[in-house]
Novice: 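Sending over a structure as C-alpha cells; questions will come in a sec.
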Amino acid sequence: MQNLLHNLNPEQLAAVTLPAQSALILAGAGSGKTRVLTTRIAWLIQTGQVSPNGVLAVTFTNKSAKEMLTRLSAMLPINTRGMWIGTFHGLCNRLLRAHHRDAGLPQTFQILDSGDQLAFIKRLLKANTIDDEKYPAKTLMYFINSAKEQGLRAAQVDAYDDFNRKMVALYDLYDLQCQREGVVDFAELLLRTYELLSRNQPLREHYQARFKHILVDEFQDTNDLQYKWLKLMAGTQGAVFAVGDDDQSIYAFRGANVGNMSAFEKEFRVENLIKLEQNYRSHGHILDTANALIEHNSKRLGKNLRTDAGHGELVRVFEASSDIQEAQWITEEAKNLIRDGFERSQIAILYRSNAQSRVIEHALFSANVPYRVYGGQRYFDRAEVKHAIAYLQLMDNPHNDSAFLRVVNFPTRGIGARSIEQLQDAAKQYNISLYAAVPYVAGKAGSSLGNFVKLIEGARFETQNLPLPEMVQVVLDLSTLITHYQSEKEGADRIENLEQLVNAATLFVSEEGFGHDAPALAGPASRPANTLIANDQGIEIIDADAALPTVMSPLSAFLSHASLEAGDNQAQVGQDALQLMTVHAAKGLEFDAVFIGGLEEGLFPHENSSQEESGVEEERRLMYVAITRARQRLYMTFSQTRMLHGQTRYNMRSRFFDEMPEESLKWLSPKIQATWFARPKSAWDEAPESGANAIAQQISKHQTSTGWRIGENVAHAKFGEGVIVNIEGSGSNARAHINFGKFGMKLLDLSIAKLEKC
DNA sequence: TACGTGCTTGTTTTT
DNA sequence: CAAGCACGTA
C-alpha cells in the first residue's frame, strides 16, 4: 500500500483514500486524473473494502478502458480480465447478452454503428415511401438518437407540431423494425439496459448489491441517459466516484450535459468535492494563457491550474497572410523544432476542422516532413471489411436485413433491383425478414435468392465446430469476396484488409479469452455454468459475469467488437512523424510542442457555434483543451485570408486573443499588420503561391475607386472591428460587405457608415 | 451492371 | 475546392 500511495500529492491522496461515499473529483487538464482513478480502484481492493468484481468502472472510449486495465494490472497482482471495466456501451452489451430474454432481445442481437443506422433509416423511409426531402434521414437519425439519449421512447416524446408528430411516428416505426431484425443502435444499448433494470427489480437489486463502488471517467461528457443509468446502478447504497473537468466538456453538441456535474453533487449528496489543480504537464505561460481564457466562461464550477514547472517560454503567436503561408510557416517552424532536438511524434498540429488539414499536409509533404493524420477511416469501416462482416452477421442472425442487402448481390450473383423489390414486398406482406421471405419469391429470382440462402446456411453448417479465425477464413472463401477483388484493378489493398480480418479474429480470441476449444456457436446449454441467483419470484438470474465467453458465442462477441470498437484510426501510433489532428481528437493527449492553427473568427470559434453564448463557451473550452495539450512550447496562428468551400474568406483574428494575457504572448508578426497587400510586390517573396498574388492585385483595384479595399481592417462605432470582405458599386454608391466577427456580416453604405481605418 | 456526369454540400465525433 | 451521391446512359 505504501507503494500504491506514494508519490501522490495531498489532493490526489485525499481523493484516492476517500471513504465509501459518492464523491466528485474536479480534475484539471494534466492533473493526474487517470492515475487517481486507477489508484483508487487498486486501493479499494488492496485494503479489502471491495473485491475486484464489486467494482464497476465506466469510461467513454475503449482506449481509456484499456489504459485503466493496463495500469491496474501493473499495480495489483490480480487478473483484471474478469473485472467490470469498460465503456458504457461495452458494459451494456455484456448485460444485454446475459439477460437477453428479459430484455426482449434475441441472443444474437447485433449492433448498428452510425453508418449502419443511417442506411437503416434510409431504407425505412424508402420502404414507407416517405419524402426524404421533407424528412431527411439524417434529421430523423438525430431525432431518434437524442430522444433515446434523454431516455425517451416514441410514446414519451412530446410532439407539438405536425413535423414532430411525423418524426415520432417514424421513431416508433424504426424501433419496431429494429426489433424485427434483431438489431440495436448505440443509444439503444443504453436505453434497453436502463429499461431492463428499471422494470426488473430482482435484477436491479442484484447488480446494485454487487457494485458497491462505481467509478466514472470523463464525467462531464455523460448525457442524460448515462446519468440516469448511473443513478439506477448505484441505487441508494452504491458509492459513485465521478472524475471530470467541466472546463473540458466539448461534446455538448452530441448530447453531453455538463449540468450532470452539479446535478450529481446535489442528488448524490456529495460531501467530498476535491479539486485537482496541480498540473504536471505544462509550463507557466501556457497554463496562465489557458487559465485566463477559460475565466471568460460564465458557467464554471471554478478551478485554476497551477504548476511548479516555472514560467517557461512565452506562447508564440503568428499572423499569416494566407492559409498557405500559415501552413508553410508552421512547416518551417516544425523543422526548426526537429533540428533543435524535438521528437517528431512530440509535435502536434491541431485545428478546429478537418478541412484545414489539407493545406498543412500539402506544405509538409512538399517539405518532406513526415506526418500522420489522425481520424481517417477505421478498419472495421472499410467497405470490404463491412462486406465480410455482413456474411458473418447473416450466419449469426439471418434476420438482419441490413447485412442481407449489403451482400445479397455482392459479389454479383444476378440478384438485381427487381428481385429485391419482389422480396421486399413478400417480407412486408408477411411481416418477416428478407431472409425469411426468400421462399415466398417464385421464379428465377426465387432460385437465385434461394442459392444465396443456401450459401449462408452452408457456411453456417461448415463452420459450426470451427474456432473463430478458421470460421472467418471459410467465410472469406465461400463468399468469393477475395476472388472478386482479385479481378479488380485496385483490389490488392482490399484483399490485404480482408486477410487481416483473420488476424483480427485470432487476436480477439486470445485477448478476450475464448479458448480454442470453445464451440463456435455456443448455445445456452453448452456454456459454462454461470452464477445462478434464486430470488423471491423464483426467477433464475444468470449473472452477466464479466468474461465474455460466459455470455456470448465467439462469433457474436467478435461482431459486437467490430461494431463497438471500429479499430484504430490512428495508423501507426508512435511513429516518428508529426501528429495532425482536430482539437477534439487531441483531448487526453499531450505533446512537447503544439501548433494551433486557424485562430480566426468564424473558424475558431466556429461560426455555427457563435449564435448562442453556450456555443461560444463550448468553443472556448475547446480552445482551453487545445492550449493545455502543450508541455513546453505552444504556437497559435491565424491568417488574413483563407480558402474555404472554393472561395477566399477574410476573417478577423479570433476573439480568444483578446482573452489571453498579453504578458504570456509573444507576437512573432506585427499585431496589426496594417497593409500587407499594399506593400510592393517584392514583399511577396514569402508567399510563393501565385494565387495569393492574383488576389492581392484584384484587391488593390478597388482601392483607388472607393478609398477602401477588400481585406482592410475597419472599426465601426456599434459593431467594433471588422474586415471588408467585398465591395460593390463605386464612388458614392459603393457598399461594402464587412465581417464584424461576432456581429456577423453587414452590408454598409461606404458613404454613410462612419468607418475608421484601423 | 458498370461507369460517367452533374449536383449538392460542407464543425467537432465515441460508441 | 473536392467528396460523396443520385441519376442517367452504354
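Throughout, a chain's letter reflects where its sequence line sits, starting with A, and its residues are numbered from 1. Atoms considered below: every heavy atom in the structure, side chains included; atoms not considered: hydrogens, waters and symmetry mates.
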Novice: Can you check the A/Leu644 CG to B/dT11 C1' distance for me, whole Å?
Specialist: 11 Å

Novice: With side chain to side chain donor-acceptor pair (under 3.5 Å) as the test, pick out the partner of A/Arg352 among A/His606, A/Glu619, A/Glu600.
Specialist: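 So the option named by the test is A/Glu619.
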
Novice: Tell me what A/Asn62 touches on the nucleic acid: a base, only sugar-phosphate, or nothing, going by heavy atoms under 4.0 Å.
Specialist: sugar-phosphate

Novice: In whole Å, what is the span from the CG atom of A/Asp221 to the C1' atom of B/dT12?
Specialist: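 Result: 12 Å.
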
Novice: Under 4.0 Å, heavy atoms only, any strand: does A/Ser563 hit a base, just the sugar-phosphate, or nothing?
Specialist: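 If one applies the 4.0 Å heavy-atom cut-off, A/Ser563 turns out to touch nothing in the nucleic acid.
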
Novice: Is any side-chain nitrogen or oxygen of A/Arg254 closer than 4.0 Å to OP1 or OP2 of B/dT15?
Specialist: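 Negative; the distance criterion is not met.
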
Novice: Checking contacts here: which listed nucleotide (B/dT13, B/dA2, B/dT15) is nearest the side-chain heavy atoms of A/Arg378?
Specialist: B/dT15

Novice: Take atom P in B/dT13 and the same atom in C/dG4, then report the distance between them in whole Å.
Specialist: 15 Å

Novice: Whole angstroms only, please: what is the OH-P distance between A/Tyr251 and B/dT12?
Specialist: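 Whole-Å distance recorded here is 11 Å.
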
Novice: Taking CG from A/Asn608 and C1' from B/dT9, how many angstroms apart are they, rounded to a whole number?
Specialist: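 Roughly 13 Å, once rounded to whole Å.
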
Novice: Does A/Asn354 reach a base, just sugar-phosphate, or nothing at all? Heavy atoms under 4.0 Å.
Specialist: sugar-phosphate

Novice: Give one of base, sugar-phosphate or nothing for A/Phe88, where a contact means two heavy atoms less than 4.0 Å apart.
Specialist: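 If one applies the 4.0 Å heavy-atom cut-off, A/Phe88 turns out to touch nothing in the nucleic acid.
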
Novice: Check for me: is A/His606 stacked on B/dT11 by the 5.5 Å centroid and 30° plane-angle rule?
Specialist: yes

Novice: Taking only N and O in the side chain of A/Arg358, is any of them less than 4.0 Å away from OP1 or OP2 of C/dA2?
Specialist: yes

Novice: A/Gln424 vs A/Leu405, test: side-chain contact (heavy atoms from CB on, under 4.5 Å). Steps then yes/no.
Specialist: CA-CA 10 Å; A/Gln424 278 169 330; A/Leu405 287 170; 4.2 Å; yes

Novice: Quick one: on DNA chain B, does A/Phe253 or A/Leu564 contact a more 5' nucleotide (nearest heavy atom)?
Specialist: A/Phe253

Novice: Roughly how many Å apart are C/dC5 and B/dT12, using the C1' atom of each and rounding to a whole number?
Specialist: 23 Å

Novice: May I have the distance from A/Glu188 (atom CD) to B/dT15 (atom C1'), rounded to whole angstrom?
Specialist: 14 Å

Novice: Does A/Thr582 make a side-chain N or O approach to OP1 or OP2 of B/dT13 shorter than 4.0 Å?
Specialist: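 True: A/Thr582 side-chain N/O within range (under 4.0 Å) of B/dT13 OP1/OP2.
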
Novice: Under 4.0 Å between any heavy atoms, over every strand shown, what does A/Asp116 touch: base, sugar-phosphate, or nothing? Just pick one.
Specialist: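 If one applies the 4.0 Å heavy-atom cut-off, A/Asp116 turns out to touch nothing in the nucleic acid.
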
Novice: Roughly how many Å is it from CE in A/Met643 to P in B/dG10, rounded to a whole number?
Specialist: 19 Å

Novice: Please step through ring pair (Phe, Tyr, Trp, His ring centres under 6.0 Å) for the pair A/Phe638 and A/Phe657, ending with a clear verdict.
Specialist: CA-CA 10 Å; A/Phe638 62 105; A/Phe657 283 110; 5.1 Å; yes

Novice: Take atom CG of A/Asp381 and atom P of B/dT15, then tell me their distance rounded to the nearest Å.
Specialist: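 One finds 11 Å between P of B/dT15 and CG of A/Asp381, rounded.
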
Novice: Is A/Phe365 atom CZ crowded by more than 12 heavy atoms from other residues, nucleotides or ligands, each under 6.0 Å away?
Specialist: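 At most 12 heavy atoms, drawn from other residues, nucleotides or ligands, come within 6.0 Å of this atom.
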
Novice: Between B/dT15, B/dT13, B/dA2, spot the one nearest the side chain of A/His89, thanks.
Specialist: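 Output: B/dT15.
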
Novice: Does the side-chain ring of A/Phe60 sit on the six-membered ring of the B/dT15 base, less than 5.5 Å centre to centre and under 30° in tilt?
Specialist: no

Novice: Between A/Glu326 and A/Gln328, do the side chains contain an N or O donor and an N or O acceptor separated by less than 3.5 Å?
Specialist: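 On atom types as modelled, these side chains do not qualify, holding no pair under 3.5 Å.
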
Novice: Begin with the C-alpha distance, continue with both residues' side-chain angles, and end with the deciding distance and a verdict on salt bridge (charged side-chain N to carboxylate O under 4.0 Å, His left out) for A/Asp221 and A/Lys587.
Specialist: CA-CA 12 Å; A/Asp221 286 339; A/Lys587 189 172 153 201; 2.6 Å; yes

Novice: Ignoring the backbone of A/Lys122, work out which of B/dT11, B/dT15, C/dA6 is nearest its side chain.
Specialist: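 For A/Lys122, the side-chain atoms sit closest to C/dA6.
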
Novice: To the nearest angstrom, how far is A/Lys587 atom NZ from B/dT12 atom C1'?
Specialist: 12 Å

